[in-house]
2 protein chains.
Amino acid sequence: MAKKKAKTFGQFLREKRVEKGFSLRKFAELVGISPTYLSQVEQDNVDPPTADRVKRMAELLGESVDEWTALAGRLTEDLPEIIREAPTAVPDLLRAVRGLTTDQLRRLREDAERMQKEGTDEEK
Amino acid sequence: MAKKKAKTFGQFLREKRVEKGFSLRKFAELVGISPTYLSQVEQDNVDPPTADRVKRMAELLGESVDEWTALAGRLTEDLPEIIREAPTAVPDLLRAVRGLTTDQLRRLREDAERMQKEGTDEEK
DNA sequence: GTGCCTGTTCAGTAAACAGTAAACATTTTG
DNA sequence: CAAAATGTTTACTGTTTACTGAACAGGCAC
């Protein structure tokens with residue numbers, strides 16, 4: 001099994017932007033940042049942008065928002081809310097799933113979806 | 001069923017600190033912050049402290065670190081890592097569990113723990 | 001060869017964050 | 001009543017974050 005290359009956010013961004021045929025200035029304009037800044041980001045000379053800009057970038061390039069956000073060292077914005085809505089049970093769950101495979105995580109998600117369908121609880 | 005009072009971080013902190021008999025100055029010293037700042041925090045005149053200070057406070061007062069951290073509008077520090085380790089599967093799971101009851105979340109956690117025991121995957 | 005693209009570099013900045021020091025008024029203790 | 005301890009207010013401060021503007025070098029088009 002080939003090891004995944006641990007590319008940086010900047011490297012990934014440049015690769016995909018060029019692939020899609022955007023010039024640096026053009027793409028910067030679409031995202032709503034200065035070309036200067038985009039250049040620095042792609043060279044990893046500065047930290048990746050905020051979560052919302054990363055999201056716009058991923059969307060413009062047809063990439064996974066969650067993956068790019070993680071690569072940027074940030075969190076997609078709905079996740080903190082979800083955690084805070086159940087401030088002990090969700091963290092406990094997260095710690096319990098640490099290290100599980102993608103398949104195992106998918107099975108848990110399916111269980112969760114099933115629970116949703118069964119009603120929030122038994123409704124009498 | 002009585003509705004839980006939506007106390008602020010500051011109100012909670014003051015309540016528990018006084019309950020344990022710490023003076024403001026004494027407690028500030030234990031936490032490693034200035035009395036000035038602690039006073040402001042307890043009056044909600046400023047944002048709650050960083051996650052690590054919130055953690056110290058909760059520990060000193062025998063309260064739940066996760067709950068207090070959430071109340072402070074922050075995230076316990078290990079959670080972002082856990083999410084980024086599986087940057088699509090874990091966010092997907094989180095969105096799927098949103099709105100589940102504490103009991104349902106507990107059942108999922110137990111499933112997860114069982115999966116851990118069964119080995120990370122079948123190991124041939 | 002001068003215009004016009006390309007990306008890059010340097011220097012700087014506005015706003016937010018996470019606090020602190022000093023002085024103060026009030027209550028408690030000896 | 002004097003001393004000590006309580007919490008509060010005002011006015012800052014240093015640091016980090018997330019960027020921007022101006023100027024510049026190199027390639028390509030005509």
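The sequence lines fix the lettering, A, B, ..., with proteins before strands; numbering per chain opens at 1. When reading the values below, keep in mind they use all heavy atoms of this one structure, side chains included, and skip hydrogens, waters and symmetry mates.
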Asp66(A) and Ile83(B): CA distance, side-chain angles, deciding distance, side-chain contact (heavy atoms from CB on, under 4.5 Å) verdict: CA-CA 10 Å; Asp66(A) 281 327; Ile83(B) 294 171; over 6 Å; no

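For DNA chain C, the contact window with chain B, defined by any atom under 4.0 Å from a protein heavy atom, covers dA18(C) to dA22(C) in 5' to 3' order.
Inspection of the Gln40(B) and Thr36(B) side chains reveals no N or O donor paired with an N or O acceptor under 3.5 Å. A donor-acceptor pair shorter than 3.5 Å can be found between the side chains of Asp44(B) and Thr8(B). Under the 3.5 Å distance criterion, with hydrogens and angles disregarded, a donor-acceptor pair is assigned to the side chains of Asp52(B) and Thr50(B).
Taking the six-membered ring for Trp and thresholds of 30 and 60 degrees, Phe22(B) and Phe27(B) have ring planes inclined between 30 and 60 degrees apart.
Among the atoms of the strands shown, only primed sugar atoms or phosphate atoms (P, OP1, OP2) are found under 4.0 Å from some heavy atom of Ser23(B). Backbone-only contact: Ile33(B) has heavy atoms under 4.0 Å from sugar-phosphate atoms and none from a base. Backbone-only contact: Thr50(A) has heavy atoms under 4.0 Å from sugar-phosphate atoms and none from a base.
In summary, Arg109(A) and Glu113(A) engage in a salt bridge, as defined by a charged side-chain N under 4.0 Å from a carboxylate O.
Two residues, Val46(B) and Arg25(B), neighbour DNA chain C, and the one matched to the more 5' nucleotide by heavy-atom proximity is Val46(B). The nearest heavy atom of DNA chain D to Pro35(A) and to Arg14(B) marks one nucleotide each, and the one closer to the 5' end goes with Arg14(B).
To the nearest angstrom, C1' of dT6(D) lies 16 Å from CZ of Phe27(B). The separation between Tyr37(B) atom OH and dT8(D) atom P is 16 Å, rounded to whole Å. Between the NZ atom of Lys26(B) and the C1' atom of dA4(D) there is a distance of 16 Å, given to the nearest Å. In this structure, the CG atom of Asp47(A) is 10 Å from the P atom of dC19(D), given to the nearest Å.
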Which pairs, protein N/O on one side and nucleotides 27-30 of chain D N/O on the other, fall under 3.5 Å?
none

Every protein N/O lying under 3.5 Å from an N/O of nucleotides 10-12 of chain D:
residue: dT10(D); atom: O4; partner: Gln40(B); partner atom: NE2; Å: 3.4

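Closest of all the heavy-atom pairs between Val90(A) and Ile82(A) is CG2-O, 4.2 Å. The minimum heavy-atom distance between Ala28(A) and Leu38(A), with the atom names listed, is N-CD2, 3.7 Å.
Both Phe12(A) and Leu24(A) belong to a common hydrophobic cluster when Ile, Leu, Val, Met, Phe, Trp and Tyr are linked at side-chain heavy-atom distances under 4.5 angstrom. Residues Tyr37(A) and Leu30(A) share a single hydrophobic cluster, defined by chaining ILVMFWY side chains whose heavy atoms lie under 4.5 Å apart.
Glu59(A) places none of its side-chain heavy atoms less than 4.5 Å from the side chain of Trp68(A).
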